[in-house]
Amino acid sequence: MKTLILGGARSGKSALAERLACESEKDVVYIATAQALDGEMAERITHHRARRPSTWLSVEEPLALAAALREHAAPHRLLLVDCLTLWLSNALGIDDGRHFASEHAALLAAVSDLPHDIVMVSNEVGLGITPMGELTRRFVDEAGRLHQSLAVACERVVFVAAGLPLVMKGSLP
């Protein structure tokens, strides 16, 4: 099953994704998109690593997400991607006008084509006012488009707030 988990910062998205991965009883490949570019992000990464089971394979892939999904997908595995908005930020950071569009299309194709379990975590950033800066507006717009396209491709979509899941599509086990 393909699952998209959305929510705000520190809403419980990752904890839910990790719980679903554990309950799947499959081998888990955790695909991390974060980069430790500062001390605070390094602490966040350390926190996430510490709570993951040591049996999970961890793959760090900040840009080539579709390729990582295709490489690690298998019937006995669940792929957990955390987090799509960090991947989006990374991709937009090197965007030459074509890079992100190409990566977005590749990600959608991978998610649609692979018949394996994938859980994707992403921050919902479009619930506030329209940002003032051009780059921030583009990020919010692209995140919204990404979420909409993935929601169509996924059998289950869950919004998490205050640690509480609200199922928007499909059902939780």
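Nearest heavy atoms, Ala36 versus Met41: CA-CG, 4.2 Å. Between Val140 and Gly126, the shortest heavy-atom distance links the atoms CG1-CA, 4.1 Å. Taking both residues in full, the closest heavy atoms of Leu84 and Ser122 are given as CB-OG, 3.5 Å, listed atom of the first, atom of the second, then distance. In this structure, Cys83 and Thr33 approach most closely via the heavy-atom pair O-OG1, 2.6 Å. The two residues His116 and Ala73 have their closest heavy-atom pair at CD2-CB, 3.5 Å. Shown here for Gly12 and Val160, the closest heavy-atom pair between the two residues is C-CG1, 3.8 Å.
One distance of note links CG of Leu127 with CG of Leu6; it measures 9.5 Å at 0.5 Å rounding. A distance of 10.0 Å separates SG of Cys22 from CZ of Arg19, quoted to the nearest 0.5 Å. Between Asp82 atom CG and Tyr30 atom OH the span is 3.5 Å, to the nearest 0.5 Å. The NE2 atom of His99 lies 9.0 Å from the CG atom of Leu92; values are rounded to the nearest 0.5 Å. To the nearest 0.5 angstrom, Ile118 atom CD1 is 12.5 Å from Arg156 atom CZ.
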Would you sort out whether Phe139 and Thr85 count as a side chain to side chain contact (heavy atoms under 4.5 Å, CB included), showing the intermediate values? CA-CA 9 Å; Phe139 178 82; Thr85 40; 4.0 Å; yes
Given Val167 and Val157, is the side chain to side chain contact (heavy atoms under 4.5 Å, CB included) satisfied, shown in steps? CA-CA 6 Å; Val167 178; Val157 179; over 6 Å; no
Side chain to side chain contact (heavy atoms under 4.5 Å, CB included) between Ser149 and His104, intermediate numbers included: CA-CA 9 Å; Ser149 58; His104 183 181; 3.1 Å; yes
Given Leu4 and Val158, is the side chain to side chain contact (heavy atoms under 4.5 Å, CB included) satisfied, shown in steps? CA-CA 6 Å; Leu4 176 62; Val158 181; over 6 Å; no
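Arg70 has a carboxylate O that lies under 4.0 Å from a charged side-chain N of Asp113, or vice versa, which qualifies the two as a salt bridge. Salt-bridge annotation for Arg77 and Glu25: absent, with no side-chain N of the basic residue lying under 4.0 Å from a carboxylate O of the acidic one. Under the 4.0 Å criterion applied to side-chain N and carboxylate O atoms, Glu155 and Lys169 are not assigned as salt-bridge partners. Remark: Arg137 does not engage Glu134 in a salt bridge, criterion side-chain N to carboxylate O under 4.0 Å. Salt-bridge check for Lys26 with Asp117: passed, with a basic side-chain N closer than 4.0 Å to an acidic carboxylate O.
Note on Ile45: it does not cluster hydrophobically with Leu88, by side-chain heavy-atom contacts below 4.5 Å among ILVMFWY residues. Cluster annotation: Val81 and Val111 are assigned to the same hydrophobic cluster (Ile/Leu/Val/Met/Phe/Trp/Tyr, side-chain heavy-atom contacts under 4.5 Å, transitive). Linking ILVMFWY residues whenever their side-chain heavy atoms come closer than 4.5 Å, directly or via other members, leaves Leu114 and Val121 in distinct clusters. Met168 and Leu172 are assigned to two separate hydrophobic clusters, defined by single-linkage of ILVMFWY side chains at heavy-atom distances under 4.5 Å. Hydrophobic clustering (ILVMFWY, side-chain heavy atoms < 4.5 Å, transitive): Leu16 and Leu86 are in distinct clusters.
When Arg52, Arg51, Arg49, Lys13 are each tested for a salt bridge (Lys or Arg N to Asp or Glu O under 4.0 Å) with Glu18, only one passes: Arg51. Exactly one residue among His47, Glu40, His48 makes a side-chain hydrogen bond (donor to acceptor under 3.5 Å, both in side chains) with Arg44. That residue is Glu40. A side chain to side chain contact (heavy atoms under 4.5 Å, CB included) with Val29 holds for exactly one of Leu80, Leu69, Leu79; it is Leu79.
With hydrogens and angles ignored, the 3.5 Å screen pairs no side-chain donor or acceptor of Ser112 with any backbone N or O of Ala109. Side-chain atoms of Ser11 never come within 3.5 Å of backbone atoms of Gly7 as a donor-acceptor pair (strictly under, hydrogens ignored). Put simply, the side chain of Asp27 never gets that close to the backbone of Leu78: no donor and acceptor are under 3.5 Å apart. When atom types are taken as modelled, the side chain of Gln35 and the backbone of Leu37 share no donor-acceptor pair closer than 3.5 angstrom. Without hydrogens or angle criteria, Asn90 side chain to Pro62 main chain gives a donor-acceptor distance under 3.5 Å. In this structure a side-chain-to-backbone donor-acceptor pair under 3.5 Å is missing from Gln148 to Leu150. Panel note: side chain Lys2, backbone Val119; no donor-acceptor pair is recorded below 3.5 Å.
Using a 30° and 60° split on the angle between ring planes, Phe100 and Trp87 fall in the tilted class, from 30° to 60°.
Dense packing is recorded around CE of Met1, with more than 12 heavy atoms of other residues, nucleotides or ligands lying under 6.0 Å away.
With contacts defined as side-chain heavy-atom distances shorter than 4.5 Å, the pair Thr3/Cys154 does not qualify. Between Leu65 and Glu103, every side-chain heavy-atom pair lies at or beyond the 4.5 Å cut-off. Between Pro53 and Val28, every side-chain heavy-atom pair lies at or beyond the 4.5 Å cut-off.
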